[in-house]
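Structure first, then comments.
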Amino acid sequence: MSHIVAANLPPARDSRPFFTATMELPDRRHAAAAPAPAGGPSPTLAQLLKRVGDARKEATGDGGETPVHPHQHALDVDLSDASFEPRSLPFVLQFNNLTYSIKVRRKVALSSLLPRRRSRLSSAAVEEPVAGENLFTQTKVLLNDISGEARDGEILAVLGASGSGKSTLVDALANRIAKGSLKGSVTLNGEPLESRLLKVISAYVMQDDLLFPMLTVEETLMFAAEFRLPRTLSKSKKWMRVQALIDQLGLRNAAKTVIGDEGHRGVSGGERRRVSIGIDIIHDPIILFLDEPTSGLDSTSAYMVVKVLQRIAQSGSIVVMTVHQPSYRILGLLDRLLFLSRGQTVYSGSPTNLPLYFSEFGHPIPENENRTEFALDLIRELEGSPGGTRSLVEFNKSWQSMKHGSRNSEPDRNGLSLKEAISASISRGKLVSGATNDASPTSMVPTFANPFWIEMAVLSKRSITNSRRMPELFGIRLGAVLVTGFILATMFWQLDNSPKGVQERLGFFAFAMSTTFYTCADALPVFLQERYIFMRETAYNAYRRWSYVLSHSLTALPALVFLSFAFSATTFFAVGLDGGLSGFLFYFFIIFASFWAGSSFVTFLSGVVPHVMLGYTIVVAILAYFLLFSGFFINRDRIPPYWIWFHYLSLVKYPYEGVLQNEFQDPAKCFVKGVQIFDNTPLGAVPESVKLKLLSTISNTLGMKITASTCLTTGTDILQQQGVTDLSKWSCLWVTVAWGFLFRILFYFSLLLGSKNKRR
């Protein structure tokens, strides 16, 4: 257990950062962190960073490649080796008096609502209501006055039973709780941590492995490097950084293997977890938060994951993780422990002090028993007792006050200010998201590593790569469109220009336009599957939200063009629609606009509705309403005034009216001649001779000559009958396209408002 360091001593660890390969500097690299001479003014952060930049330029040159990080031996370095020299502790993350509570719905019994007389005894037993509570809600405290610290080079493990507040505490430290809800302070080197700075210098690894299944391990890490590393680094340097990281994570044998999912065989569970860690530490963050990184893994995989975290800590990072029940081997890798019970601290300190702590508490740990298992079992036993863990909480407070009292006698000479510590870390190659010569710690590093067009290009490339490896998804969609087009083409084969042909055309157009929208429903699960990946990546500024929206829109266009052409070519000529080549082109454009608007509408809903089945239900219902109010079932003039607004909101209305005008725009084309006026009426079944006599009688009555070849209804008349008179066909096209852009904008706002990723 020599590698366990006492809580009050700085551990001996590697002075080289986790990615020494890419930012190796000459001997003068420590000059940036050196204090100013006695009597002279302290250098500003801008001056420190300028020295760092000069040193980097001298080390790397104008286009010289960065040396590659040592590979396989990285995980096997003996921590007791003499090359590991103690160094100062530049980063101390402190949290004091963290308190967080939520309001939950109270179970109300009917008897409590009825007025009743209480005896003195019962009234004395009634507790005073807590501020903010009422008859229907009560306050539940998740964190209760939690304090502690974590230092770089060390792993702080938060332990406790389920519901003890482990994940809540890590969320509080990672700024994943709304500012007004959390009480207390979180500081880095004594300075408050602002949200913007924390996003850049930290990373958060969620409990679930949120990865694209069809990307390989190497591709996944390379895309993370493209997002998080600045464009000033060449692609070859980013590739070398990824290779070094693959070796550090022990993933060399799985580098070319796809991640996999339920339907595709991929890497193992432990390898997936290490990839999840890798994508968040690609930029070598100063603080790393992890929510149960060993959950669901076997003992060997869990040990390898924590071993990797130890290497990350030794590179100069603060590692804070939750763990449910660590094994004996994992316990040997942890530097600080924080036990929680129902939101309160019951122990905080080094693992080596656990036996002494519980011995003084009156419950000594048996010789051959796992310390953490004993502690957790004792905590559970106390939680089930009448007094709860109050005695252990009070004992911890007295223990901490005694320990800190003895430690305060010696001043901390190793502490550095935040700007000095960050500049020193950058000089050693950490935090490679880029740095600027700014004297403010919050603006010394950029909010985003790359401009938006780089983000769009990387996002588009990743989406295309992932989709290209699942061609069955597009194949199913194309098959559905072709089958629908084939059925419509054979059902409405070569329609004539009779009154019945007019009715059949109206039915074909209504069904075809609504079908284009219904086939877009398959876009619903696309973002729902990426939602949590998107939230994880944008929470720490991997890319801008609107870069994602733009790339999402652009990558969808080629598929929509192909589907539109397939449907148009299948139906236009087979049905016998009018207009020739120009008519076909407009028909293709309006079909494409319909696919675009439908896809945008469904994408917007996927940003609002978090569940697939609920989303499908809403999509089908709303599209049915759009078809109802499109003007096919009931003309615009016949729609009640209180529903006319929905007619103009209907997405089906505009492409439907556009194709009607494209078909019936020729005023010289006749659709009802002579005796055809009796079609679609009870007189349609009488003999032709009778129809001619009736037509002659009508002619005499009206005082005009109507023969069997006289044109009675043109295309313009049909448009007027259908109420299609307010917009031209090109206006209908542009309105449909505009709907698509509107829903993309709404999708962006749904991401902006719905992906805060913070507790309230």
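Numbers for residues simply follow the sequence, beginning at 1.
Within the 3.5 Å criterion, the main-chain N or O of Met613 finds a donor-acceptor partner in the side chain of Thr617. A donor-acceptor contact shorter than 3.5 Å links the side chain of Thr519 to the backbone of Thr515. Thr490 contributes a side-chain N or O that, together with a main-chain N or O of Ile487, makes up a donor-acceptor pair within less than 3.5 Å. Judged by distance alone, the side chain of Ser463 and the main-chain N or O of Ser460 form no donor-acceptor pair under 3.5 Å. Without hydrogens or angle criteria, Gln722 side chain to Asn635 main chain gives no donor-acceptor distance under 3.5 Å. The main-chain N or O of Phe573 is found under 3.5 Å from a side-chain atom of Gln494 such that the two form a donor-acceptor pair. At distances below 3.5 Å, not a single donor-acceptor pair connects side-chain atoms of Ser731 with backbone N or O atoms of Leu727.
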Practice task
List the steps, then state whether side-chain hydrogen bond (donor to acceptor under 3.5 Å, both in side chains) holds for Ser600 with Thr603.
Solution key: CA-CA 5 Å; Ser600 301; Thr603 301; 6.0 Å; no

Practice task
Give the intermediate values and the outcome of side-chain contact (heavy atoms from CB on, under 4.5 Å) for residues Arg636 and Val724.
Solution key: CA-CA 8 Å; Arg636 183 190 62 197; Val724 183; over 6 Å; no

Practice task
Check the pair His611 / Leu528 against side-chain contact (heavy atoms from CB on, under 4.5 Å), numbers first and verdict last.
Solution key: CA-CA 7 Å; His611 303 292; Leu528 291 179; over 6 Å; no

Practice task
Show the numbers, then the answer: is there a ring pair (Phe, Tyr, Trp, His ring centres under 6.0 Å) between Phe741 and Trp596?
Solution key: CA-CA 9 Å; Phe741 281 106; Trp596 162 249; 5.3 Å; yes

Problem - Residues Tyr543, Phe227; criterion ring pair (Phe, Tyr, Trp, His ring centres under 6.0 Å); working and verdict - result: CA-CA 7 Å; Tyr543 48 80; Phe227 287 132; 5.0 Å; yes

Handout entry: Intermediate values then yes/no, side-chain contact (heavy atoms from CB on, under 4.5 Å), Tyr748 and Leu753
Key = CA-CA 9 Å; Tyr748 166 74; Leu753 300 176; over 6 Å; no

Exercise for the section: Apply the test side-chain contact (heavy atoms from CB on, under 4.5 Å) to residues Leu524 and Tyr616: give CA-CA distance (whole Å), side-chain angles for both, the deciding distance (0.1 Å), then the verdict. Expected result: CA-CA 7 Å; Leu524 185 67; Tyr616 275 126; 4.0 Å; yes

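Atom OG in Ser630 sits 11.0 Å away from atom CG in Leu651 (nearest 0.5 Å). The CG atom of Asp291 sits 8.0 Å away from atom CZ of Arg176, with the distance rounded to the nearest 0.5 Å. From Leu211, atom CG reaches atom CG of Asp261 across 11.0 Å, with rounding to the nearest 0.5 Å. Atom NE2 of His264 and atom CD1 of Ile259 lie 13.5 Å apart (nearest 0.5 Å). Atom-to-atom distance recorded for Tyr532:OH and Asp208:CG is 9.0 Å, nearest 0.5 angstrom. Note that CG of Asn541 is 8.0 Å distant from CZ of Arg545, once rounded to the nearest 0.5 Å.
Side-chain contact between Lys673 and Thr710 is absent, with no heavy atoms from C-beta onward closer than 4.5 Å. Taking 4.5 Å as the limit, some side-chain heavy atom of Gln721 sits within range of a side-chain heavy atom of Thr713. Put simply, the side chain of Val686 does not reach to within 4.5 Å of the side chain of Phe678, judged on heavy atoms. The shortest side-chain heavy-atom distance between Leu660 and Leu506 falls under the 4.5 Å cut-off. A 4.5 Å side-chain heavy-atom check between Phe508 and Leu577 finds at least one atom pair inside the cut-off. Side-chain atoms of Val483 and Phe486, non-hydrogen and from C-beta on, never get closer than 4.5 Å to each other. Two residues are said to be in side-chain contact when any heavy atoms from C-beta on lie closer than 4.5 Å; Met513 and Ile591 meet this criterion. Looking at Ile622 and Phe517, their side chains never come closer than 4.5 Å, going by heavy atoms from C-beta outward.
Residues Ser553 and Arg744 share a closest heavy-atom pair of OG-CD, 3.1 Å. Between Ser564 and Phe595, the shortest heavy-atom contact is OG-CD1, 3.2 Å. Taking each heavy atom of Thr220 and Val275 in turn, the nearest pair found is CG2-CG1, 4.0 Å. Summarising the geometry of Asp280 relative to Arg536, their closest heavy-atom pair is OD2-CD, 4.1 Å, with the distance given to 0.1 Å. Closest approach of Phe626 and Ser650 over heavy atoms only: O-OG, 2.6 Å. In plain terms, the two heavy atoms of Met470 and Met214 that are nearest each other are CG-CG, 3.5 Å.
At a cut-off of 3.5 Å, with distance as the only test, a side-chain donor of Asp717 or Thr714 sits close to an acceptor on the other residue. Residues Asp171 and Tyr204 bring a donor and an acceptor atom of their side chains to less than 3.5 Å of each other. Side-chain contact, Ser696 with Ser699: no donor N or O sits under 3.5 Å from an acceptor N or O.
Partner of Phe747 under the ring pair (Phe, Tyr, Trp, His ring centres under 6.0 Å) criterion, out of Phe534, Phe601, Phe527, Trp546: Phe527 alone. Exactly one residue among Lys669, Arg505, Lys729 makes a side-chain hydrogen bond (donor to acceptor under 3.5 Å, both in side chains) with Glu663. That residue is Arg505. When each of Glu219, Glu537, Glu226 is paired with Arg462, the salt bridge (Lys or Arg N to Asp or Glu O under 4.0 Å) condition holds for Glu537 and for no other.
Taking the six-membered ring where the residue is Trp, Tyr587 and Phe567 present parallel rings, their angle staying beneath 30° rather than reaching 60°. Between Phe629 and Trp643, the ring-plane angle classifies as tilted under the 30° and 60° cut-offs. Aromatic ring pairs are classed by plane angle as parallel below 30°, tilted from 30° to 60° and perpendicular above 60°; the pair Trp730 and Phe589 is tilted. Ring geometry, Phe671 versus Phe664: the interplanar angle exceeds 60°, so the pair is classed perpendicular (tilted spans 30 to 60°).
Environment of CZ in Phe511: sparse, with no more than 12 heavy atoms of neighbouring residues, nucleotides or ligands closer than 6.0 Å. No more than 12 heavy-atom neighbours from other residues, nucleotides or ligands sit within 6.0 angstrom of CZ on Phe562. The number of heavy-atom neighbours closer than 6.0 Å to CZ of Phe646, taken from other residues, nucleotides and ligands shown, is above 12. Around OH of Tyr648, the count of heavy atoms belonging to other residues, nucleotides or ligands within 6.0 Å exceeds 12. With a 6.0 Å radius and a threshold of 12 heavy atoms from other residues, nucleotides or ligands, Tyr518 has its OH atom above the threshold.
Remark: Lys653 engages Glu657 in a salt bridge, criterion side-chain N to carboxylate O under 4.0 Å.
The side-chain hydrogen bond (donor to acceptor under 3.5 Å, both in side chains) pairs that include a residue from residues 520-530 are Arg477-Asp522, Glu530-Tyr548, where partners are two or more places apart or lie in different chains.
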